[in-house]
There are 4 protein chains.
Amino acid sequence: MPQSSDVRTSSREMKREKILRAAIEVFAKRGYFSSRMTDVAHRANVADGTLYLYFDGKEDLLQSIFDHVLTLFIERVQDEVEVVEDPVEKLRLLIRRHLELLGGDPALAQVLQIEIRHSRRFLALATRGKLGEYLNLIRGIIEEGQSLGRFRHDISAGLATQMVFGSVDELVMSWVLQDSAVELESKADPLMALLTDGLVPR
Amino acid sequence: MPQSSDVRTSSREMKREKILRAAIEVFAKRGYFSSRMTDVAHRANVADGTLYLYFDGKEDLLQSIFDHVLTLFIERVQDEVEVVEDPVEKLRLLIRRHLELLGGDPALAQVLQIEIRHSRRFLALATRGKLGEYLNLIRGIIEEGQSLGRFRHDISAGLATQMVFGSVDELVMSWVLQDSAVELESKADPLMALLTDGLVPR
Amino acid sequence: MPQSSDVRTSSREMKREKILRAAIEVFAKRGYFSSRMTDVAHRANVADGTLYLYFDGKEDLLQSIFDHVLTLFIERVQDEVEVVEDPVEKLRLLIRRHLELLGGDPALAQVLQIEIRHSRRFLALATRGKLGEYLNLIRGIIEEGQSLGRFRHDISAGLATQMVFGSVDELVMSWVLQDSAVELESKADPLMALLTDGLVPR
Amino acid sequence: MPQSSDVRTSSREMKREKILRAAIEVFAKRGYFSSRMTDVAHRANVADGTLYLYFDGKEDLLQSIFDHVLTLFIERVQDEVEVVEDPVEKLRLLIRRHLELLGGDPALAQVLQIEIRHSRRFLALATRGKLGEYLNLIRGIIEEGQSLGRFRHDISAGLATQMVFGSVDELVMSWVLQDSAVELESKADPLMALLTDGLVPR
DNA sequence: AATGAATGAGGTTTCATTCAT
DNA sequence: GATGAATGAAACCTCATTCAT
C-alpha cells in the first residue's frame with residue numbers, strides 16, 4: 001500500500017537532502033572536478049544510479065546545493081529583516097547572518113566560495129537566479145535606506161550593492177583560503193562600520 | 001654558432017608570450033576545462049608538444065597567465081602610484097588601472113575572474129603569491145594613508161584591504177557575467193567615492 | 001534480488017577469463033607493446049572501460065595471464081606427479097606437460113616466452129611468485145630423486161633445476177621463434193634422455 | 001684538411017662505441033622501454049641528433065649492442081677453442097667465457113638477458129643473425145665431439161645445443177634476477193659436469 | 001524505487017625522430 | 001659533422017551516465 005503523498009514527499013525530500021549534504025562534503029574535501037559521483041553516492045549511502053533519480057547529473061548537484069542553501073538562507077533573512085525598522089540595522093543583520101552561515105559550516109563555505117565558481121555559464125545562471133534574488137534583497141535594503149535618508153542619495157544603489165556583497169564575499173573568500181581559525185562572525189561589525197562610514201575620517 | 005644569450009632569451013620569451021596569449025583567448029572562449037591543449041597549440045601556431053617545452057602542463061599554463069599578467073600589472077601600478085602624493089589619489093589610480101586592465105581585455109578578464117578560480121589549491125597558492133603582492137600593495141597605500149591622516153585610524157588595514165579588493169573584484173565579476181557593454185572604467189570614481197565616504201550621509 | 005554469490009562469482013570469473021584469453025591472443029599477435037587495450041576489449045567483446053573493472057591496467061593484464069596459466073598448470077602437474085612413483089618419471093611427465101601446454105597453444109607460448117619478459121621488475125617478481133613455485137616443484141622432484149638414489153648426489157639441486165628449466169625453456173623459445181611446425185611434445189623424451197644421461201657416452 | 005681515412009674511421013668507431021656503452025648503461029638502469037634517447041645522448045655526451053648519425057634509431061641501438069658484443073665475443077671464443085684439442089674442454093671453455101663475460105659486466109648482462117628480449121621480430125632476427133652464429137659455434141663443438149667419440153652419437157646435436165645454451169642462459173638469467181652477489185664464473189665447472197654426465201648416477 | 005555493472009567518448013602528455021642552422 | 005628546438009602521432013585510462021534486473 002502506497003504511503004500518503006505527504007509522507008512520500010517528505011521521505012523523498014529527506015533523501016534529496018542527504019545526497020545534497022553528502023555532495024557538499026565530498027565537493028568541499030576533494031574539489032568539484034576531482035570528486036566522483038560514486039564518492040557522493042558512497043557518502044550518501046545510496047547506489048550510483050540513485051543519484052540520477054534525484055538530480056539530473058553532477059552539474060545539477062552543484063547547482064542544487066547553491067539553490068537549496070540560498071533559498072533557505074534568503075527566506076530566513078527576509079523574515080528576520082522584515083521585523084527590523086532601521087535599514088542600517090537590516091544590512092548589519094544580513095551581513096551577520098551571511099558570515100554566520102558560512103563561518104559555521106566550512107565545507108559549505110568551501111563549496112560556495114570556490115567549487116561553484118568554475119564556469120561562466122553556471123555563474124551567469126546563478127546571478128540571474130538565486131544569487132540575483134540575494135543581491136535584490138541587499139539592493140532593496142539600500143534603496144529603502146536611501147528613501148528613509150539613512151543611506152546617501154547620491155550613490156548608485158546597484159554599485160552600493162556590489163560593494164556590500166563584494167566586501168562580504170571577499171571576507172569569506174580570504175577566510176576560506178587562509179585563516180579558518182578566526183571567527184568569521186566577529187568581522188561583521190567592523191565591516192559594517194567601514195561600509196557605512198567609509199575610509200576617510202569625518 | 002649559438003645566438004647571443006639576449007637574443008635567445010628574448011626569442012624564447014616571445015614565444016612564451018605568444019602561447020600565453022593564445023591560452024588566454026582559448027580559455028576565455030571555451031572555459032579552462034573545456035579547452036584542449038591542442039586548441040591552444042593551434043591558436044599559438046605551434047605543435048602540441050611545443051607547449052610542454054615552455055610550460056609544465058595545462059595547469060601551469062593557467063597559473064602562468066595569472067603570474068605573468070599580475071607581475072606586469074603590479075610593476076606598472078607600483079611605478080605609477082609612487083609619483084602620486086595623496087594616498088587617496090593613489091588608491092583611486094590603482095582602482096582605475098585595475099578596471100582599465102580588465103575592461104580593455106575581456107578575454108583576460110574572463111580568465112582571471114572565472115577560469116582561474118577553480119581549485120582551492122590554486123587559489124591558496126595564488127593568494128600567497130602574486131595576488132598576495134597585490135593585496136600588500138593596496139594595504140600599503142591604506143596604511144600610508146592612515147599614518148598621514150587621510151584614512152581613518154580606527155579601522156583594520158587588513159579589513160579595509162579586503163573591502164577595497166572585494167568591491168573592485170565584485171564589480172569586475174558582475175561586468176564579466178552580465179554587462180560587458182558598459183565601460184568598466186567609468187565605475188572607478190563612483191566606487192572610490194563610496195569607499196572613501198561610506199554608505200551613510202555625513 | 002541479487003544472484004547467489006556462487007553464480008555471480010562464476011559469472012565474474014568467466015568474464016575475467018574471456019578477457020584474459022583475448023589478451024593472450026592480441027598480445028601474441030601484435031606484441032605486448034604494440035597491442036592496444038582497445039584491441040583486447042574488442043576481441044573480448046566488452047567496452048574498453050570494462051577491462052578496468054577486472055584488471056588494474058595493461059601491465060596487470062600481462063601479469064595476470066602469467067599467474068592464471070601457471071596456477072592452473074602447477075596444480076595439474078602437482079596432482080599428476082603425485083601418483084607417479086619414480087622421480088625420473090615424474091620429471092619426464094613434468095617436461096612433457098610443459099611442452100604439451102605450450103606446444104598446443106602457440107599464442108600462449110608466444111606471450112609466455114616473449115612478451116612477458118620485458119621488464120626486470122616483472123621478471124623478478126615472477127621468479128619470486130608463480131615461477132618460483134614452478135621451480136620449486138622441479139627442485140622437489142630432483143631432491144626426492146637424490147634421496148632415493150635415482151639422481152646423482154654429487155650435484156647441486158639448484159643448479160640441476162636451472163639446467164632442467166633452462167633446457168625446456170630454451171626448447172620452447174627456439175620453437176616459438178623458428179619452427180612452430182614441428183611437434184614440440186616430441187622433444188620431451190630426447191631431452192629427458194640428454195638430461196639424465198649427459199652428453200658424454202657411458 | 002681532412003684526416004686520413006684510418007684516423008677518421010677510428011675516431012668514428014670510437015664515438016660509436018661511446019654511444020653503445022652509454023646505451024648499455026642507460027638501458028640496464030631504466031629498462032629499454034623506459035629509457036629515452038635523450039638519456040643515452042646525455043650519457044654519451046653528444047646531442048640527441050648525433051645518435052642518428054651513428055644509428056638508425058632506438059631499436060637499431062639495441063640490436064647493435066647485441067651484434068657488437070656478440071661479434072667480439074664469438075671471435076674471441078673461436079680463437080681460443082681453436083687451440084684446444086678436446087671438444088669437452090672446448091665446451092667447458094666456451095661456457096666459462098660466457099659466464100665470465102656477463103658475470104663481469106652486470107649492466108651488459110641485464111641488457112642481453114632482459115631488455116633485448118622484448119619482441120618476437122627482434123629475437124627472430126637475432127637467432128638468424130649473431131645468436132645463430134653463436135649457436136652454430138656450440139653445435140660445431142658438439143658435432144666435432146660426436147665424430148671424435150667424446151660426445152654420444154645417439155643424440156640430436158641440435159637438441160644438445162639447445163640444452164647447453166638453455167642451461168647457461170638460464171643460469172645467467174637467474175643470476176641477473178636474483179643473486180648478483182655470487183660469482184657467476186664459479187658455476188661453469190659444476191654445470192659442465194651436469195651437462196656431460198647427466199642427472200642419473202652411472 | 002533502487003541497484004551497480006557496463007559503457008565508451010575524450011584528452012593530456014610523452015618522446016623518437018627530423019632538419020634548419 | 002654536430003646541434004637541439006620543434007614536431008605530432010598515438011594510447012591509456014577515467015568517470016559521468018545508462019539501463020537491465
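To find a chain, count down the sequence lines: A is the first, B the second, and so on, and within it residues start at 1.
The two residues D:Leu62 and D:Glu115 come nearest to each other via the heavy atoms CD2-O, 3.9 Å. Among all heavy-atom pairs drawn from D:Gln110 and D:Val176, the shortest one is OE1-CG1, 3.3 Å. Counting all heavy atoms, side chain and backbone alike, B:Arg16 lies closest to B:Tyr54 at NH1-O, 3.5 Å. Summarising the geometry of A:Ile65 relative to A:Leu108, their closest heavy-atom pair is CG2-CD1, 4.3 Å, with the distance given to 0.1 Å.
Going from atom CZ of B:Arg16 over to atom P of F:dA5 covers 16 Å, rounded to whole Å. The CG-C1' distance, from D:Asp39 to F:dG4, rounds to 15 Å in whole Å. Rounded to an integer number of Å, the gap from CZ of B:Phe27 to P of E:dG11 is 13 Å. If you measure from atom NE2 of D:His42 to atom C1' of F:dT3, you get 12 Å, rounded to the nearest angstrom. Atom CG of C:Leu51 is separated from atom P of F:dC12 by 10 Å (rounded to the nearest Å). Following rounding to the nearest Å, A:Arg36 (CZ) and F:dT14 (P) show an atom-to-atom distance of 9 Å. Between B:Arg30 atom CZ and E:dT12 atom P there is a gap of 12 Å when expressed in whole angstrom units.
Residue C:Ser34 is classed as having no contact, given no heavy-atom separation below 4.0 Å to the nucleic acid. Residue contacts shown for C:Phe33 are absent, as no nucleic acid heavy atom lies under 4.0 Å away. Using a 4.0 Å heavy-atom distance criterion, A:Phe55 is classed as making no nucleic acid contact. Residue contacts shown for A:Gly57 are limited to sugar-phosphate atoms, with no base heavy atom under 4.0 Å away.
Comparing atom distances between the A:Met37 side chain and each of E:dT17, E:dT13, F:dA16 picks out F:dA16 as nearest. Comparing E:dT12, F:dA6, F:dC15 against the side chain of B:Lys58 picks out E:dT12 as the nearest. Listed nucleotides: F:dG8, F:dC15, E:dA5. Nearest to the side chain of B:Asp48: F:dG8. Closest to the side chain of C:Tyr54, from the set E:dA6, E:dT12, E:dT17, is E:dA6. Residue B:Leu53 has its side chain nearest to F:dA5 when only E:dA1, F:dA5, E:dA6 are considered.
Distances shorter than 4.0 Å separate some side-chain N or O of C:Lys15 from OP1 or OP2 on E:dA6. At E:dT7, one or more side-chain N or O atoms of C:Thr50 fall inside 4.0 Å of OP1 or OP2 (strictly under the cut-off).
A donor-acceptor pair under 3.5 Å links the side-chain atoms of A:Lys58 to the main chain of A:Ser35, judged by distance alone.
Screening residues 28-49 of chain C for ring-ring contact (aromatic ring centres under 6.0 Å, His included), with sequence neighbours left out, gives C:Phe27-C:Tyr32, C:Tyr32-C:His118, C:Phe33-C:His118, C:Phe33-D:Phe33.
Comparing A:Ser35 and C:Asp56 by the nucleotide of DNA chain F that holds the closest heavy atom to each, the one mapping nearer the 5' end is C:Asp56. Where A:Asn45 and C:Val46 meet DNA chain E, the nucleotide closest to each residue was compared, and A:Asn45 sits on the side nearer the 5' end. Nearest-nucleotide positions on DNA chain E place C:Ala47 closer to the 5' end than the other of B:Tyr52 and C:Ala47.
Ion pairing of A:Glu25 with A:Arg21 is present here, as a side-chain N (NZ or NE/NH1/NH2) and a carboxylate O approach within less than 4.0 Å. Under 4.0 Å is where a charged nitrogen must lie from a carboxylate oxygen, and between B:Arg36 and B:Asp48 no such pair does.
Paired regions of DNA chain F, where each region holds three or more successive Watson-Crick or G-U pairs whose two hydrogen-bonding distances fall under 3.5 Å, are E:2-21 with F:2-21.
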